[in-house]
Protein chains: 2
Amino acid sequence: MGLAGIKDVADRAGLSIATVSRALSGKANVSPKSRQLAKAAAAELGFVPSYHASSLASGRNHNVGLVVPSVHRWYFSSVVEGVSGALLDAGYDLTLYNVGDEPERRQIVLNDFLLRKRLDAVIAVALVLSEAEIQQLLAIHRPIVGIGGALAGASTIRIDDARLARTATEHLIGLGHTRIAHITGDGELNRDFKLPGIRRAGFEAAMAAAGHRVRPEWTVSADFTIQGAYASARTLLATATERPTAVFAASDEMAIGTILAARDFGLRVPQDLSVIGMDGHELGEVVGLTTINQDPRGQGALAARLLLETLDAGAKRRTKGAPPAPEATDREYPTEFLVRSSTAVPPV
Amino acid sequence: MGLAGIKDVADRAGLSIATVSRALSGKANVSPKSRQLAKAAAAELGFVPSYHASSLASGRNHNVGLVVPSVHRWYFSSVVEGVSGALLDAGYDLTLYNVGDEPERRQIVLNDFLLRKRLDAVIAVALVLSEAEIQQLLAIHRPIVGIGGALAGASTIRIDDARLARTATEHLIGLGHTRIAHITGDGELNRDFKLPGIRRAGFEAAMAAAGHRVRPEWTVSADFTIQGAYASARTLLATATERPTAVFAASDEMAIGTILAARDFGLRVPQDLSVIGMDGHELGEVVGLTTINQDPRGQGALAARLLLETLDAGAKRRTKGAPPAPEATDREYPTEFLVRSSTAVPPV
DNA sequence: ATGAAAGCGCTAACAG
DNA sequence: CTGTTAGCGCTTTCAT
């Protein structure tokens with residue numbers, strides 16, 4: 001009990017190591033009877049193959065790396081759940097790299113961890129990688145897929161943030177709003193994470209197209225959390241005169257923070273203030289948030305499935321020179337506009 | 001470039017493979033000059049060691065497994081962040097097992113994934129493992145540490161949930177409340193996760209000690225999310241007559257859901273209803289939630305550090321029979337009672 | 001269909 | 001201090 005090698009299984013089954021290996025890994029050229037024998041012996045001994053040995057010998061790791069800025073944020077943990085589920089079902093391990101804010105940590109992960117040949121593939125979420133960094137990864141023959149971020153040369157799954165931000169803003173404009181504020185991301189975040197800028201550009205494009213003025217003092221930034229946006233929104237809404245009639249927050253979390261802040265000032269949503277977000281946070285339901293639902297969990301699951309397909313297809317080619325034809329596809333993931341009760345016509 | 005083995009480095013440095021191995025892994029018995037040579041050659045070739053080969057040969061994996069019910073929930077993602085940071089700093093990989101609700105998945109993770117000998121240790125969060133399951137893990141000579149859950153025979157880091165729940169309830173009682181409701185966890189959750197029951201017991205003990213009646217209809221359950229508790233709290237607070245004057249929610253998320261529900265009914269917190277939670281969710285600040293702050297991130301980091309120490313100490317003993325003296329310590333992590341503005345004396 | 005044998009890339013005694 | 005020699009536990013040709 002406890003430790004049992006393939007050798008033990010072979011002995012117990014009265015077969016050779018080679019046959020047991022083939023039998024257990026579902027390969028062809030094994031008689032039904034031998035396969036039975038091998039499986040029985042393995043079960044009896046509680047045999048679990050050493051993945052190190054098997055990886056070393058076969059070149060397949062059954063392990064994919066997932067790089068995220070912070071699992072503590074809603075969007076990323078959603079993606080992680082999606083990726084995790086798909087991987088677990090396929091018998092793959094998931095190695096998580098929670099890189100956080102510090103650039104050094106990002107460097108270490110990119111230059112050391114990811115290159116240790118332990119991973120069959122890597123999924124990078126909302127991470128802006130340089131062409132060189134991507135090449136470095138591709139150089140070790142590992143497919144990469146990006147979620148929610150632009151990865152030149154690698155496959156990506158994403159939504160069209162610019163267009164959707166524009167759509168969200170247009171919803172407000174369509175209701176008759178002209179005095180619209182925007183909550184965007186912090187400068188801090190923009191470094192490796194240019195999404196706030198993209199959504200902001202969408203907002204500004206919609207405003208410009210409608211001929212509405214974007215007031216600089218009505219574009220405030222926060223850290224993409226409820227509490228951060230709450231604080232920013234309080235500042236935004238503090239002055240009763242010259243108050244916007246609507247807010248487009250660059251994320252649902254920030255939209256929710258805004259709604260909480262509005263309530264503090266006695267502002268009714270949507271009668272006094274309309275608020276729209278983006279992403280599809282579960283909490284949006286509770287506060288009746290109008291939003292555009294992207295399904296990060298689904299995106300994660302899709303990314304994992306695509307990767308697994310690629311890996312199954314490419315089988316083994318470890319020593320070979322050519323990358324497993326990444327074929328860099330860029331898919332747009334479907335979204336859903338959810339009109340709930342946080343948006344309405346502006347007050348008269 | 002791209003692929004370079006230790007052999008290439010040895011050739012380039014004019015040293016033997018063995019010396020290069022020693023030099024690069026910082027071992028003793030290498031002349032400064034040789035070490036320099038080896039490092040230079042490695043750098044020039046962009047050599048990154050294969051962890052499979054190295055693990056297979058040395059028995060050390062530089063990889064710890066982390067098992068959590070759901071990274072999507074605040075508490076768990078906090079722990080993951082803590083563990084991740086400590087591990088990354090130590091050069092360790094983190095393999096994440098997000099087991100979710102399905103018992104089958106839990107089984108698979110426990111019986112297959114964790115036994116694949118890829119892990120040096122495992123951290124299990126809020127997971128109730130049977131003695132047999134723990135023994136199975138210990139049998140493969142891997143230390144286990146549990147966070148927030150009872151693991152017979154393994155080391156654990158946890159808070160005294162029963163006592164703290166009691167303390168929280170007593171805070172309410174001390175303010176003069178007698179009509180106190182409790183929001184506990186779903187039956188669903190109780191299966192592998194008996195924390196709700198423990199906190200509930202603490203609540204009931206405090207009530208009994210004070211001679212207050214625990215009304216069955218005032219103990220409602222939810223799924224430990226804001227939105228779930230919001231729904232449950234709406235039911236609880238719906239009837240204006242016979243309404244509790246205070247609520248002790250078994251988690252901050254549920255306390256926040258309760259506060260949101262209260263607002264919907266026009267109830268002011270704390271004037272009309274006092275609410276107290278437990279855990280230390282960041283969002284608690286925004287709504288002024290009185291709570292008991294446990295620092296899950298810190299707990300995760302601590303668990304990881306303890307494990308790393310054990311691993312460094314035990315060095316190698318792969319083939320040896322005896323476990324690396326787990327010495328099953330059970331530490332209580334410090335907490336902090338945070339009185340904010342969601343609790344006050346009951347309405348007259 | 002099966003077994004023998006040759007590694008996968010590195011570490012760890014063991015001699016020098 | 002350094003090189004030589006065995007493996008770590010599997011997978012995989014290659015014969016049979």
Side-chain angles (χ1 to χ4, degrees), chain A residues 2-11 13-38 41-42 45-63 115-118 120 140-141 315-320, chain B residues 2-11 13-38 41-42 45-63 115-118 120 140-141 315-320:
Chain A
L3 14 62
I6 197 173
K7 177 90 188 358
D8 303 307
V9 178
D11 290 350
L15 296 168
S16 75
I17 289 182
T19 304
V20 171
S21 172
R22 284 186 283 250
L24 263 33
S25 49
K27 292 244 170 53
N29 288 337
V30 178
S31 71
K33 185 183 152 207
S34 296
R35 196 181 297 277
Q36 224 16 74
L37 249 39
L45 295 173
F47 169 72
V48 179
S50 157
Y51 267 47
H52 286 309
S54 124
S55 293
L56 188 55
S58 71
R60 308 190 89 279
N61 300 136
H62 291 271
N63 191 160
L115 302 179
R116 285 174 183 172
K117 310 180 183 74
R118 262 209 269 226
D120 287 319
I140 60 171
H141 312 307
K316 109 226 50 179
R317 33 46 203 171
R318 180 164 30 114
T319 329
K320 313 277 291 297
Chain B
L3 15 63
I6 198 173
K7 178 91 187 1
D8 304 308
V9 178
D11 289 350
L15 295 168
S16 75
I17 289 182
T19 304
V20 170
S21 172
R22 285 187 282 250
L24 263 32
S25 49
K27 291 242 169 54
N29 289 336
V30 179
S31 73
K33 188 183 147 204
S34 295
R35 196 181 297 277
Q36 222 18 72
L37 249 40
L45 295 173
F47 169 72
V48 179
S50 158
Y51 267 48
H52 287 309
S54 139
S55 293
L56 188 55
S58 70
R60 308 190 89 282
N61 300 136
H62 290 271
N63 192 160
L115 302 180
R116 285 174 183 171
K117 311 178 184 74
R118 260 209 271 225
D120 287 319
I140 61 171
H141 312 306
K316 110 228 49 176
R317 36 43 205 173
R318 180 167 28 117
T319 328
K320 313 276 292 297

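This one's a predicted model, so the numbers in the text were calculated from it and none came from an experiment. Letters A, B, ... mirror the listed sequences (proteins, then strands); counts begin at 1.
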State whether the side chain of [X] and the backbone N or O of [Y] hold a donor-acceptor pair below 3.5 Å, judged by distance alone.
{"X": "A:Lys117", "Y": "B:Val48", "value": "yes"}
{"X": "B:Ser55", "Y": "A:His52", "value": "no"}
{"X": "B:Asp120", "Y": "B:Asn63", "value": "yes"}

To the nearest angstrom, how far is [X] atom [atom1] from [N] atom [atom2]?
{"X": "A:Ile6", "N": "D:dG9", "atom1": "CD1", "atom2": "C1'", "value": "8 Å"}
{"X": "A:Asn61", "N": "D:dC10", "atom1": "CG", "atom2": "C1'", "value": "14 Å"}
{"X": "B:His62", "N": "C:dT11", "atom1": "NE2", "atom2": "C1'", "value": "12 Å"}
{"X": "A:His52", "N": "D:dT11", "atom1": "NE2", "atom2": "C1'", "value": "16 Å"}
{"X": "A:Lys7", "N": "D:dG7", "atom1": "NZ", "atom2": "C1'", "value": "15 Å"}
{"X": "B:Leu37", "N": "D:dC1", "atom1": "CG", "atom2": "P", "value": "15 Å"}
{"X": "B:Ile17", "N": "C:dA13", "atom1": "CD1", "atom2": "P", "value": "18 Å"}
{"X": "B:Lys117", "N": "D:dC8", "atom1": "NZ", "atom2": "C1'", "value": "12 Å"}

Exercise. Is any side-chain heavy atom of B:Arg60 closer than 4.5 Å to a side-chain heavy atom of B:His62?
Worked result: yes
Exercise. Going by heavy atoms in the side chains, are A:Phe47 and A:Ile6 under 4.5 Å from each other?
Worked result: yes
For this session: Note the angle between the end axes of the helix from C:dA1-D:dT16 to C:dG16-D:dC1, five pairs defining each, rounded to 10 degrees.
Result: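 Inter-axis angle at the ends, rounded: 30°.
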Between side-chain atoms of residues 22-31 of chain A and protein atoms elsewhere (two or more places apart, or another chain), which donor-acceptor pairs fall under 3.5 Å?
from    : atom 1 : to      : atom 2 : distance (Å)
A:Ser25 : OG     : A:Ser21 : O      : 2.6
A:Ser31 : OG     : A:Ser34 : N      : 3.1
A:Ser31 : OG     : A:Ser34 : OG     : 2.9

Problem set entry | Nucleotide of C:dA12, D:dC8, C:dA4 approaching B:Leu56 most closely (side-chain heavy atoms) | D:dC8
Exercise. So which nucleotide from D:dG9, C:dA12, C:dG9 ends up closest to the side chain of A:Ser50?
Worked result: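 Nearest nucleotide to the side chain: D:dG9.
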Check this one for me: any side-chain N or O of [X] less than 4.0 Å away from OP1 or OP2 of [N]?
{"X": "B:Ser21", "N": "C:dT11", "value": "yes"}
{"X": "B:Ser54", "N": "C:dC10", "value": "no"}
{"X": "A:Ser34", "N": "C:dA1", "value": "no"}
{"X": "A:Thr19", "N": "C:dG3", "value": "yes"}

Problem set entry | Partners meeting side-chain hydrogen bond (donor to acceptor under 3.5 Å, both in side chains) with A:Ser16 (sequence neighbours left out) |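 So A:Ser16 forms a side-chain hydrogen bond (donor to acceptor under 3.5 Å, both in side chains) with A:Thr19.
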Exercise. Among all residues two or more places apart in sequence or in another chain, which pass the side-chain hydrogen bond (donor to acceptor under 3.5 Å, both in side chains) test with B:Asp8?
Worked result: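 By the side-chain hydrogen bond (donor to acceptor under 3.5 Å, both in side chains) rule, B:Asp8 matches no residue at all.
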Problem set entry | Nucleic acid contacts of residues 22-32 of chain B, taken as heavy-atom distances under 4.0 Å to DNA chain D |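 Hits under 4.0 Å, by residue number: B:Arg22, B:Asn29, B:Val30, B:Ser31.
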For this session: Please identify each residue that fulfils salt bridge (Lys or Arg N to Asp or Glu O under 4.0 Å) with B:Lys7, with sequence neighbours left out.
Result: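 Only B:Asp11 meet the salt bridge (Lys or Arg N to Asp or Glu O under 4.0 Å) criterion with B:Lys7.
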